[in-house]
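Just so it is clear, the structure is predicted and the values come from calculations on it, not from any experiment. Below, read A as the first sequence line, B as the second, and so on, with proteins coming before strands; counting in each chain starts at 1.
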4 protein chains.
Amino acid sequence: MSTPLRGGQAREDELLSATLDVLREVGYSRLTVDGVVSRARASKATVYRRWPSKSDLIVAAFVNATRDLPSERDTGSLRGDLIAALGDILHELDRFGDVMVDLLGELGRNPELASTIRDGYIAMRRETLTAAFARAQDRGEIPPDVDVKPLWELAPAVIFFRRFNLGEPFGVDDVREFVDNVVLPLALRPSAG
Amino acid sequence: MSTPLRGGQAREDELLSATLDVLREVGYSRLTVDGVVSRARASKATVYRRWPSKSDLIVAAFVNATRDLPSERDTGSLRGDLIAALGDILHELDRFGDVMVDLLGELGRNPELASTIRDGYIAMRRETLTAAFARAQDRGEIPPDVDVKPLWELAPAVIFFRRFNLGEPFGVDDVREFVDNVVLPLALRPSAG
Amino acid sequence: MSTPLRGGQAREDELLSATLDVLREVGYSRLTVDGVVSRARASKATVYRRWPSKSDLIVAAFVNATRDLPSERDTGSLRGDLIAALGDILHELDRFGDVMVDLLGELGRNPELASTIRDGYIAMRRETLTAAFARAQDRGEIPPDVDVKPLWELAPAVIFFRRFNLGEPFGVDDVREFVDNVVLPLALRPSAG
Amino acid sequence: MSTPLRGGQAREDELLSATLDVLREVGYSRLTVDGVVSRARASKATVYRRWPSKSDLIVAAFVNATRDLPSERDTGSLRGDLIAALGDILHELDRFGDVMVDLLGELGRNPELASTIRDGYIAMRRETLTAAFARAQDRGEIPPDVDVKPLWELAPAVIFFRRFNLGEPFGVDDVREFVDNVVLPLALRPSAG
DNA sequence: TCATAAGCGAGACGGTACGTCGTGTCTTACG
DNA sequence: CGTAAGACACGACGTACCGTCTCGCTTATGA
C-alpha cells in the first residue's frame with residue numbers, strides 16, 4: 001500500500017492512527033512519543049509541530065477516532081432508542097475504553113483537555129441520550145411531570161463503573177436488563193419525587 | 001513469620017504517609033520518588049527495598065490510607081444508612097479521588113493491582129452498602145421480592161461518573177436527592193421487573 | 001565513514017575538556033559524571049552516548065589531552081635531546097600524573113584500555129627517546145656497539161618510580177643529574193656488556 | 001577446617017585474608033566491602049570496627065600480607081645480593097602487584113596511607129638493597145668514591161615500569177641482564193660523575 | 001547457676017553516584 | 001519548505017555501594 005499523500009491531512013491521520021495503535025498495544029503509561037514516531041517512520045519534529053505534548057497527541061488520536069461515531073438513533077420507542085445508544089457506547093468502550101480511563105486521570109489536571117473531551121465525545125453521547133428522553137416525553141411516552149434530566153447518566157455511569165471500577169463485563173443483555181429494571185421504571189413512574 | 005522489620009513497620013508508615021502527602025500536593029503524575037524520599041528524609045534504597053517501583057509505592061500508600069475507613073453505619077433507616085455511607089464515599093473521594101482515578105487506568109494493565117484495589121477498598125464499600133439494603137429488607141422496609149443486589153452500585157457509579165467523567169461537583173445534597181429520587185423509589189416500588 | 005556528528009565533534013572536545021578540568025580540580029576518585037555534565041552544561045545522555053562509562057570518559061579525556069604533545073626535539077646533542085624530552089615528560093606528569101597513576105591500575109584489567117594508552121601516549125614518548133638515541137648513534141656520538149634499545153626507559157622509569165612509588169619530587173635538576181650520571185655513562189661507555 | 005578462635009586476632013586475619021582474596025579476584029576498583037563481608041561470613045560492623053574505611057581495609061590487607069617477607073640476603077657478592085633481592089621483589093609483584101598498582105593512585109590522595117606503605121613495604125625493600133650496596137662498598141667491591149645512594153632504585157623502577165606501564169613481562173633472566181648491563185657497570189665504574 | 005556484658009551476624013538505613021530512559025527542543029541534510 | 005534522523009538539555013528512574021546504626025544471639029566471664 002503506497003502513500004501517495006505524505007504531507008498534510010493524510011500524514012496527520014497516519015500519525016494519529018499510529019498513536020492509537022501504540023496506545024492499544026502498550027497502554028497509555030507505556031506509550032512513548034519515540035515509539036509512535038518510529039512506528040510511523042516519522043520525525044519527532046513532525047509530531048511536535050502538530051501537537052505540543054504527548055498528552056495532546058493522545059487526545060488528538062482519541063478525538064480523531066471518536067469523531068465520526070453513530071449518533072441520533074430514532075427507533076420509535078424510548079426503550080429502543082436507549083438500547084441502541086447504549087449499545088453504541090458499549091462498542092466504543094470496547095475500542096477506546098482503556099484510553100478513556102487513562103485520559104480520565106489527565107482531565108483533572110488539564111482543564112483544556114477536559115473541555116475537549118467533555119465538549120466532544122461526552123457531550124455527543126449525552127445529546128443522543130437526552131434527545132431520546134425528550135422525544136419520548138414529546139410522544140407522551142413519559143409523563144410530563146417526570147424530570148428526565150438526571151436519567152441519561154444512569155446507564156453510562158453504571159456501565160463505566162462496572163467495567164472499570166469493578167472490572168466486570170457489561171454486555172448488551174446487561175444493558176437491556178438495566179434499561180428495563182432501572183431506567184424505564186424511573187422514567188415511567190406515575191409521580192416523581 | 002518473624003518480623004525482622006520490627007522497627008521497620010513504623011518507617012513503612014512514615015514512608016507511605018509521606019507518599020500520600022506528596023501525592024496530594026503535586027498529584028499523581030508529578031510525584032517523584034526523590035520527592036517522597038526527601039520529604040521522609042529517607043533513602044531511595046529504603047523505598048525500593050519495600051516497593052519495587054514507583055507505582056507500587058503509590059498503590060501501597062493508597063491501600064494503607066483506605067485500609068481503616070469508617071464502615072458499618074446503622075442509623076436505623078435505609079435512607080439514613082445510604083446517606084451516611086455515601087457521605088463517607090464522598091469524603092474519601094475528596095481525599096483520594098485523584099489517586100483513584102489515576103489508578104483506574106492501571107487496573108486494566110495490572111491484574112494484581114486490580115485485585116488489591118477491588119478486594120480491598122471497593123469490596124469494603126460494597127459490603128457497607130449491600131449490608132444496608134439487607135438490613136432494610138430484614139426490617140421489612142423493602143418488599144421481600146425486590147432484588148436489592150444491583151442497587152448498591154447506582155449511587156457510587158453516578159458519583160464517580162459525575163465527578164470524573166463529567167467534572168461536575170457532587171455533594172451531600174446531591175446524594176440526598178439521588179437517594180430520594182432514584183435509589184429509594186427503585187428499592188421500595190411494589191413490584192420488581 | 002560519514003560524520004553525522006559534525007557539530008558533535010566540537011561538543012566532544014568541550015566535554016573532554018570539562019572532564020579534564022574536573023579531573024584536575026577534584027581528582028580521579030572524586031570526579032563524578034554529574035559534575036562533568038553540569039560544568040559542561042551537558043546532559044548525561046550526551047556523555048553516555050559517546051563513552052559507555054565513567055572510566056571510558058576519563059580515558060578519552062586523557063587520550064585527547066595527550067594526543068598533541070611536543071615530540072621530535074632535535075637539539076643537536078644526545079644530552080640536549082634527552083633533557084628536553086624528559087623535561088616534557090616531567091611537565092606532562094605535572095598535568096596528568098594523577099590521572100595516569102589512577103589509570104595504571106585499570107590497565108591490568110582492561111586490555112583495550114591498555115592498548116589505547118600504550119599504543120598512544122607511551123609509544124609516542126618511547127619514540128621520541130629512542131629517536132634521540134638513534135640520532136646520537138648515527139652522529140657517532142654513541143659507540144656503534146652499544147645497545148641503545150634498553151636505555152630509553154631508564155629515566156622515565158625512575159621519574160615515575162620516584163614520583164609515585166616514593167612520593168619524592170623529581171625536577172629538571174634531577175633529570176640533568178640522572179642523565180649525566182646514569183644514562184650518558186651507560187650510552188657512552190667503550191664496551192657494552 | 002574448624003574455627004576455634006573466632007574473636008580477636010584470628011578473626012582479623014580471616015577478614016584480611018578474605019579481603020586479599022577478593023582483591024585478587026575482582027581487583028581494587030570492583031572490590032566491595034559487602035563482598036568481603038559476605039565471603040568472610042562477617043558483619044559490616046565487624047569490619048568497620050577495625051578499619052574505618054574501605055581503603056583502610058585494603059591497605060591493612062596489603063600490609064598484613066607483606067609484613068613477613070624475606071629480607072636481608074647476604075650471598076657474599078653484590079651481584080648475588082642484588083639478584084636475590086630483586087628476585088624477591090619479582091615474586092612479590094606476582095602476588096601483590098595488582099594491588100600495589102591500584103594503591104598507587106590512592107597514595108597521592110591519602111598521605112597517611114602513603115606513609116604506611118612507604119615506611120613499610122617500600123622502606124623495607126630499599127633497606128635490603130641499600131644494605132647490599134653498603135656491604136659491597138665495605139668489602140671493597142665498589143670503589144669508595146662511587147655514590148651508591150641512587151643505585152638501589154634503578155632496578156625496582158625499571159621492573160615496575162616494564163610490568164605496569166609497558167605491560168611487558170620481566171623475569172629473573174631480565175633481572176640478571178639488567179644487573180649485569182646496567183647496575184653493576186654503574187657501581188663498578190672507575191670514576192663517578 | 002545464672003546474669004551481665006562484649007563481640008558478632010544480619011541487614012536496614014541515609015546518602016551519593018551511576019547509567020538508562022523519556023520528553024520536548026533543536027539542527028542538519030534531503031527531496 | 002516540510003520532513004526524517006537524531007543530537008541535545010533536563011530530569012526522573014531504579015541500582016549499587018559506602019559507612020552508620022540497631023537488633024538479637026552467642027559466648028565468656030564474674031557473682
Which parts of nucleotides 19-26 of chain E does protein reach within less than 4.0 Å, heavy atoms only, written one letter per nucleotide 5' to 3' as B for base, S for sugar-phosphate only and - for none?
BB-SBBBB
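- Rounded to whole Å, atom C1' of E/dC8 lies 14 Å from atom CD of D/E12.
- Distance C/Y28 OH to E/dA17 P: 16 Å, rounded to the nearest Å.
- Taking the side chain as every heavy atom from C-beta outward, D/D119 and D/S115 approach each other to under 4.5 Å.
- At the phosphate of F/dC21, neither OP1 nor OP2 sits under 4.0 Å from any side-chain N or O atom of B/R11.
- For the pair B/W51 CH2 and F/dC13 C1', the interatomic distance rounds to 17 Å; values are reported in whole Å.
- Looking at A/F62 and A/L113, their side chains never come closer than 4.5 Å, going by heavy atoms from C-beta outward.
- At a threshold of 4.0 Å, the pair A/D98-A/R24 does not count as salt-bridged, since none of the basic side-chain nitrogens sits closer than that to a carboxylate oxygen.
- Residue A/Q9 contributes atom CD, which lies 16 Å from atom C1' of F/dG2 at whole-angstrom precision.
- Between D/N64 and D/R67 there is a side-chain heavy-atom pair separated by less than 4.5 Å.
- Between D/R41 and E/dA10 there is a side-chain N or O to OP1 or OP2 distance below 4.0 Å.
- Taking atom CZ of C/R39 as the reference point, atom C1' of F/dC10 lies 20 Å away to the nearest angstrom.
- Judged by distance alone, with hydrogens and angles left aside, the side-chain atoms of C/R118 form a donor-acceptor pair with the main-chain N or O of D/N165 at under 3.5 Å.
- Across all strands, A/R49 comes closer than 4.0 Å to base atoms (heavy-atom distances).
- D/L23 places a side-chain heavy atom less than 4.5 Å from the side chain of D/L20.
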